[in-house]
Asks: 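Could you have a look at this structure, given as structure tokens, before my questions?
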Amino acid sequence: MACVHSNTGASRYGTPSTQNVTRKAAKLPPIPQALLRWYDANARDLPWRVAPKARKAGARPDPYAVWLSEIMLQQTTVATVAPRYREFLTRWPDVKAMAAAPLDDVLGEWAGLGYYARARNLHKCAVTVAETHGGFFPDTEEALRALPGIGAYTAAAIAAIAFDRRAIVIDGNIERVVSRLYAIDTPLPAAKAEIREKLEEIWPQKRSGDFAQGLMDLGASICRPKAPICLLCPVSSRCKAFKAGTQGNFPVKPAKKAKPNRVGAVFALVNAKGEMLFERRPEKGLLGGMLGLPGTEWKERIEADVFNAAPAQADWEKTGEATHTFTHFHLTLDVYAGAAPKGFRRASDQQWIKPEEARLPTVMKKAVGAATPSPSRA
DNA sequence: CATCCGTGGAA
DNA sequence: TTTCCAAGGAT
């Protein structure tokens, strides 16, 4: 990449005292060039990633694997995703396999990962790709964007990483990197337009996917939210915030709201086989489609007669509490345990499962734990 | 544009 | 203990 001689470089007017140094009128390398060189040497080894070296040799990632990883990585850390991703890929090696699976199997495999709409849309997307795209993911940003669970970020990421399209990928990492590079002081999310404009100017035609992954790796390892390691940054010389020493001020974010408290009660009904009664939660809303213990709604105040929400008449004993913090509220659940009365018949949306075998969202796992205290305690 | 939607790790 | 926040999307 030939360096065009700058006609604005300071070297023209260099003082005589620097004559022996003869610094090259070194125009700084463009950001993509510096970033990609850094990525070639420092790319993280991730299970869904084709390393830059292999990529240059012609290897291409499986679009299914890219899609699966991107959905799982939405608002979820690499450390959490990596082992779960391997389980998904082993269980459903391709999109047709996932499309053929029952939704409840996918939800069960997703248990504990949070944001369960992702799992519902994952399955819906697999079915769509299998049925209306012949089992192949579309290779354009626009067509990808139309699929369930694929928004602006994920569509661009898949287009760039799996299909080598020039697509402007913007995630939280890249927002942070760019807002520091250009010292963008507009608060998010309003700053997104400006961030996109800056990226549009510098985004390379070639190695679009590697550029996106390089920016994200940089954001994760160097240009971190707290204590960025600017001394190791390949583009610090181009970074407006670094030069001003203000990298800690970016990105500007709005203040967060306080989380209200909510309370409720759940009931752990146990039968003679030691199985516990679970029910499938409504398809939409919090923990939609997941298994849980029957119980009250979760409100600011406890209901007058919580036993109206019990699944059966039983000698309910309060065995403990479960506390959990969701994205937008704190929850305290009173946990009651009881034995199923004779002749009890479960409803159609309920099922008996050994508690240790149930694939549950975390709050329900905590509630089950509070219903069955571990035998040993010193 | 604002709100809803999980979880676990780090500081 | 509390706060922050991570490869966001749907409504």
Side-chain angles (χ1 to χ4, degrees), chain A residues 43-44 46-49 61 65-85 107 110-122 124-125 144-162 167-177 186-193 209-221 223-227 248 251 253-262 281-290 292 298 323-331 360-366:
Chain A
R44 289 200 284 178
L46 302 175
W48 46 84
R49 173 175 287 176
V66 174
W67 163 73
L68 176 61
S69 68
E70 290 300 341
I71 300 298
M72 298 186 83
L73 285 163
Q74 288 168 6
Q75 298 291 288
T76 308
T77 59
V78 166
T80 297
V81 166
R84 304 295 298 269
Y85 165 83
L107 285 173
W110 196 274
L113 281 171
Y115 285 145
Y116 297 96
R118 289 185 295 167
R120 300 194 297 272
N121 285 327
L122 187 79
K124 192 184 299 182
C125 182
L144 288 162
R145 179 70 181 77
L147 291 168
I150 297 183
Y153 159 75
T154 305
I158 297 173
I161 297 170
I168 310 299
V169 180
I170 306 177
D171 77 324
N173 286 307
I174 297 178
E175 283 178 353
R176 182 172 58 257
V177 170
T186 307
L188 289 170
K192 282 199 168 190
D210 282 348
F211 186 63
Q213 293 178 93
L215 282 175
M216 291 190 280
D217 275 20
L218 185 75
S221 61
C223 196
R224 306 179 295 191
K226 298 170 186 172
K253 291 188 173 182
K256 307 213 167 172
K257 294 181 180 178
K259 295 178 181 180
N261 295 311
R262 291 189 196 174
R281 298 175 58 83
E283 191 70 31
K284 296 190 173 182
L286 192 66
L287 311 180
M290 299 298 291
W298 303 340
T323 64
H324 190 72
T325 298
F326 291 98
T327 310
H328 52 296
F329 66 94
H330 302 286
L331 177 67
L360 301 169
T362 298
V363 63
M364 289 301 168
K365 207 170 264 187
K366 289 179 181 176

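Owing to the predicted nature of the structure, the values given are computational and were not obtained by experimental measurement. Throughout, protein chains are lettered first and strands after them, A, B, ... in sequence-line order, and every chain is numbered starting at 1.
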Asks: Quick one: does A:Leu73's side chain get under 4.5 Å of A:Trp48's, heavy atoms only?
Replies: yes
Asks: Once you apply a heavy-atom cut-off of 4.0 Å, does A:Trp48 come out as touching a base, just sugar-phosphate, or nothing?
Replies: base
Asks: Scan A:Arg176 against the nucleic acid and name what it touches under 4.0 Å (heavy atoms): base, sugar-phosphate only, or nothing.
Replies: sugar-phosphate
Asks: Nearest heavy-atom pair of A:Ile170 and A:Glu175: which atoms, and what distance?
Replies: CG2-CG, 3.6 Å
Asks: Can you list everything that forms a side-chain contact (heavy atoms from CB on, under 4.5 Å) with A:Ala111? Sequence neighbours excluded, please.
Replies: A:Met290, A:Arg359
Asks: Give me the first and last nucleotide of DNA chain B, going 5' to 3', that has any atom under 4.0 Å from a heavy atom of chain A.
Replies: B:dT3 to B:dG8
Asks: When the C1' atoms of C:dC5 and B:dC5 are compared, how many Å lie between them, rounded to an integer?
Replies: 15 Å
Asks: With sequence neighbours excluded, tell me which residues meet side-chain hydrogen bond (donor to acceptor under 3.5 Å, both in side chains) with A:Gln74.
Replies: A:Thr154
Asks: Pair A:Thr76, A:Arg118 - check side-chain hydrogen bond (donor to acceptor under 3.5 Å, both in side chains), show working.
Replies: CA-CA 11 Å; A:Thr76 308; A:Arg118 289 185 295 167; 3.1 Å; yes
Asks: Near DNA chain B, which residues from residues 152-160 of chain A have a heavy atom under 4.0 Å away?
Replies: none
Asks: Applying the side chain to side chain contact (heavy atoms under 4.5 Å, CB included) test to A:Tyr85, which of A:Ile71, A:Leu68, A:Thr80 qualifies?
Replies: A:Leu68
Asks: For A:His324 and for A:Lys257, find the nucleotide of DNA chain B with the closest heavy atom, then tell me which residue's nucleotide is more 5'.
Replies: A:Lys257
Asks: Applying ring pair (Phe, Tyr, Trp, His ring centres under 6.0 Å), name anything that partners A:Tyr153, two or more places apart in sequence or on another chain.
Replies: none
Asks: Looking across every strand, which nucleic acid part, if any, lies under 4.0 Å from A:Ile71 by heavy atom: base, sugar-phosphate, or nothing?
Replies: nothing
Asks: When the C1' atoms of C:dC4 and B:dG6 are compared, how many Å lie between them, rounded to an integer?
Replies: 15 Å
Asks: Counting the benzene-type ring for Trp, do A:Phe326 and A:His324 have ring centres under 6.0 Å apart?
Replies: yes
Asks: Quick one: pull up CZ in A:Arg176 and CD1 in A:Ile174 and give me the separation to the nearest 0.5 Å.
Replies: 10.0 Å
Asks: For nucleotides B:dT3 and C:dA7, find the distance between their P atoms and express it as a whole number of Å.
Replies: 24 Å
Asks: Regarding A:Thr80, tell me which of base, sugar-phosphate or nothing describes its non-hydrogen contacts under 4.0 Å with the strands shown.
Replies: nothing
Asks: How would you label the contact of A:Leu287 with the nucleic acid (heavy atoms, under 4.0 Å): base, sugar-phosphate, or nothing?
Replies: sugar-phosphate
Asks: Reading DNA chain C in the 5' to 3' direction, which nucleotide is the first one with an atom under 4.0 Å from a heavy atom of chain A, and which is the last?
Replies: C:dC5 to C:dA10
Asks: May I ask you to test the A:Val169-A:Leu215 pair for a side-chain heavy-atom distance under 4.5 Å?
Replies: no
Asks: Touch check for A:Lys259, heavy atoms < 4.0 angstrom, all strands: base, sugar-phosphate only, or nothing?
Replies: nothing
Asks: Would you indicate what A:Leu46 reaches in the nucleic acid, counting non-hydrogen atoms under 4.0 angstrom: base, sugar-phosphate, or nothing?
Replies: base
Asks: On DNA chain C, nearest-nucleotide positions of A:Met216 versus A:Lys226: which is more 5'?
Replies: A:Lys226
Asks: Categorize A:Arg120 for me: base, sugar-phosphate, or nothing, with a 4.0 angstrom heavy-atom threshold over every strand shown.
Replies: nothing
Asks: Taking A:Gly289's backbone N and O only, do any of them form a donor-acceptor pair with A:Arg120's side chain (distance below 3.5 Å, no angle check)?
Replies: no
Asks: Look at all strands and tell whether A:Gly112 reaches a base, only sugar-phosphate, or nothing, counting heavy atoms closer than 4.0 Å.
Replies: sugar-phosphate
Asks: How is A:Pro361 classified with respect to the nucleic acid when contacts are heavy atoms under 4.0 Å: base, sugar-phosphate, or nothing?
Replies: sugar-phosphate
Asks: Let me confirm one number: the CG-NZ distance from A:Leu147 to A:Lys124, rounded to the nearest 0.5 Å.
Replies: 11.5 Å
Asks: Quick check on DNA chain B: between A:Thr77 and A:His328, whose nearest nucleotide comes earlier from the 5' end?
Replies: A:His328
